[in-house]
Amino acid sequence: MPIYRQADRPTARRKGVTEVLGPESLGPEALGAELGERATLVQFSTAFCQPCRATRRTLAEVAAMVPGVGHVEIDAEERLDLVRALGIERTPTVLVLDRSGRVVRRAAGQPRRADVIAALGRAV
């Protein structure tokens with residue numbers, strides 16, 4: 001399973017969302033949880049991050065609303081290896097994975113529900 005640093009993979013920026021164009025993918029062994037049947041929302045959080053709490057609620061609501069979508073929250077302080085490998089610079093950071101675990105969308109900061117749903121459209 002190749003994991004690339006932010007500087008190593010080609011990206012295209014658009015309105016605060018980075019679309020990852022490289023071959024990067026994350027499996028259950030890297031996440032510590034199973035992937036969703038159709039897509040997975042991966043959230044990197046920290047304990048004292050207020051926007052992380054709101055993001056957790058938003059992602060959980062969207063995952064419950066869209067069949068086959070999973071939500072995994074990762075404590076950034078406990079998984080520094082993964083944070084460094086993925087180039088996570090702030091929390092919350094949300095990755096949208098397709099069914100095979102390939103990162104298709106990435107956003108830092110608290111996302112709006114409509115943005116999460118639109119990003120899922122790319123993954124499913």
Side-chain angles (χ1 to χ4, degrees):
M1 170 190 61
I3 296 180
Y4 301 94
R5 292 187 359 221
Q6 183 73 17
D8 294 338
R9 55 181 186 237
T11 59
R13 288 213 175 261
R14 192 183 80 172
K15 294 186 182 178
V17 176
T18 303
E19 183 175 357
V20 178
L21 305 171
E24 173 184 319
S25 67
L26 298 170
E29 62 282 347
L31 297 177
E34 291 298 316
L35 295 175
E37 189 177 299
R38 296 175 64 201
T40 306
L41 300 169
V42 179
Q43 174 185 351
F44 285 86
S45 302
T46 51
F48 297 104
C49 168
Q50 285 292 351
C52 293
R53 293 181 185 128
T55 299
R56 178 184 311 121
R57 284 190 300 274
T58 300
L59 297 181
E61 289 171 4
V62 171
M65 189 172 62
V66 181
V69 173
H71 173 225
V72 176
E73 185 172 6
I74 296 175
D75 185 333
E77 295 170 333
E78 290 181 7
R79 295 295 312 272
L80 286 176
D81 58 332
L82 194 56
V83 166
R84 288 182 183 122
L86 294 170
I88 306 295
E89 296 178 359
R90 61 182 281 207
T91 57
T93 291
V94 177
L95 306 178
V96 180
L97 310 180
D98 64 11
R99 73 177 60 199
S100 65
R102 189 174 63 89
V103 179
V104 294
R105 285 288 211 221
R106 175 188 184 114
Q110 184 178 339
R112 297 178 313 174
R113 183 184 308 187
D115 295 334
V116 174
I117 293 169
L120 275 175
R122 173 75 185 214
V124 293

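Using a 4.5 Å cut-off on side-chain heavy atoms (C-beta onward), Leu86 and Leu26 make contact. Counting only heavy atoms from C-beta outward, the side chains of Val103 and Asp98 never approach each other to under 4.5 Å. With a 4.5 Å cut-off on side-chain heavy atoms, Thr55 and Ser45 do not count as touching.
For the atom pair CG (Leu41) and OG1 (Thr58), the distance works out to 10.5 Å, reported to the nearest 0.5 Å. One distance of note links CD1 of Ile74 with OG1 of Thr93; it measures 11.0 Å at 0.5 Å rounding. The OG1 atom of Thr40 sits 11.5 Å away from atom CG of Leu59, with the distance rounded to the nearest 0.5 Å.
Listed by chain and number, the residues in a side chain to side chain contact (heavy atoms under 4.5 Å, CB included) with Glu77 are Thr46, Asp75 (sequence neighbours excluded).
Across all their heavy atoms, Val42 and Leu97 have their closest contact at CG2-CD1, 3.6 Å. Considering all non-hydrogen atoms of both residues, Gly87 and Arg106 come closest at O-NH2, 3.0 Å. The minimum heavy-atom distance between Gly109 and Arg90, with the atom names listed, is CA-NH2, 3.7 Å. When all heavy atoms of Phe44 and Val83 are compared, the closest pair comes out as CD2-CG2, 4.0 Å. The shortest non-hydrogen separation linking Arg79 to Ala30 is NH1-O, 2.8 Å. For the pair Ala76 and Thr91, the tightest heavy-atom approach, listed with the atom from each and the gap, is CB-CG2, 4.1 Å.
Hydrophobic clustering places Val94 together with Ile117 (ILVMFWY residues linked when any side-chain heavy atoms are closer than 4.5 Å, directly or through intermediates).
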Side-chain donor-acceptor pairs of residues 61-71 under 3.5 Å, sequence neighbours excluded:
from: Glu61; atom 1: OE1; to: Arg113; atom 2: NH2; distance (Å): 2.4
from: His71; atom 1: NE2; to: Gln43; atom 2: OE1; distance (Å): 3.3

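Legend: salt bridge (Lys or Arg N to Asp or Glu O under 4.0 Å) pairs involving residues 42-59, not counting sequence neighbours, sorted by first then second residue: Arg56-Glu73.
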